[in-house]
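Heavy-atom basis, side chains included; hydrogens, waters and symmetry copies ignored.
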Amino acid sequence: MLKLFSYTAIAEGISYLLLFGIGMPLKYIFKIPEPNIYIGYAHGFLFIAYVILAVLFCIEKKWSLKRFIILFIASLLPFGTFYIDKKYLKPLLK
């Protein structure tokens, strides 16, 4: 489950950057909304998967509510899930 959560964290972070770094400028600056639809669906799915896996992982590892809140807030920030992966998940993989 740890590897799945780690991969999901990275994928969610990449989808976030694609959505706001590429999708939004295409939609609002260049008036090309189509890519935003697919990137948005992917990001939404990955965000929900990340949050569900964060809940399950915190329950499995008996992590506190505070740690879950950190994981959740990181999903709302650019590069946040990359930080979570490096600080909390990668050390557990070793």
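Classification of the Phe57-Phe5 ring pair by plane angle, with boundaries at 30° and 60°, yields tilted.
Residues Phe45 and Leu56 do not share a hydrophobic cluster, clusters being chains of Ile/Leu/Val/Met/Phe/Trp/Tyr side chains in contact below 4.5 Å. Under the 4.5 Å side-chain heavy-atom criterion for grouping Ile, Leu, Val, Met, Phe, Trp and Tyr, Ile10 is not connected to Met1 through any hydrophobic cluster. Hydrophobic clustering places Phe68 together with Tyr88 (ILVMFWY residues linked when any side-chain heavy atoms are closer than 4.5 Å, directly or through intermediates). If you chain together hydrophobic residues whose side chains sit under 4.5 Å apart, Tyr16 and Met24 fall into the same group. A continuous path of hydrophobic side-chain contacts links Val51 to Leu89 [ILVMFWY only; heavy atoms under 4.5 Å].
Considering every non-hydrogen atom in both Pro25 and Gly21, the closest pair reads CG-O, 3.4 Å. Contact detail for Leu19 and His43: the closest heavy-atom pair is CD2-CD2, 3.8 Å.
Lys31 contributes a side-chain N or O that, together with a main-chain N or O of Tyr28, makes up a donor-acceptor pair within less than 3.5 Å. Side chain of Thr8 to main chain of Leu4: a donor-acceptor pair is present (N/O by atom type, distance under 3.5 Å, no hydrogens or angles).
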Which donor-acceptor pairs under 3.5 Å do the side chains of residues 32-42 make with protein atoms, sequence neighbours left out?
none

In residues 71-83, what donor-acceptor pairs under 3.5 Å come from side-chain atoms, sequence neighbours left out?
residue	atom	partner	partner atom	Å
Ser75	OG	Phe72	O	2.5
Thr81	OG1	Ala9	O	2.9
Thr81	OG1	Gly13	N	3.3

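The CG atom of Leu2 sits 6.5 Å away from atom NZ of Lys61, with the distance rounded to the nearest 0.5 Å. From Lys90, atom NZ reaches atom CG of Leu93 across 5.5 Å, with rounding to the nearest 0.5 Å. Going from atom CD1 of Ile69 over to atom SG of Cys58 covers 10.0 Å, rounded to the nearest 0.5 Å. We find the CD1-CG distance between Ile70 and Leu65 to be 10.0 Å, quoted to the nearest 0.5 Å. Atoms CG and NZ, on Leu92 and Lys3 in that order, are 13.0 Å from each other to the nearest 0.5 Å.
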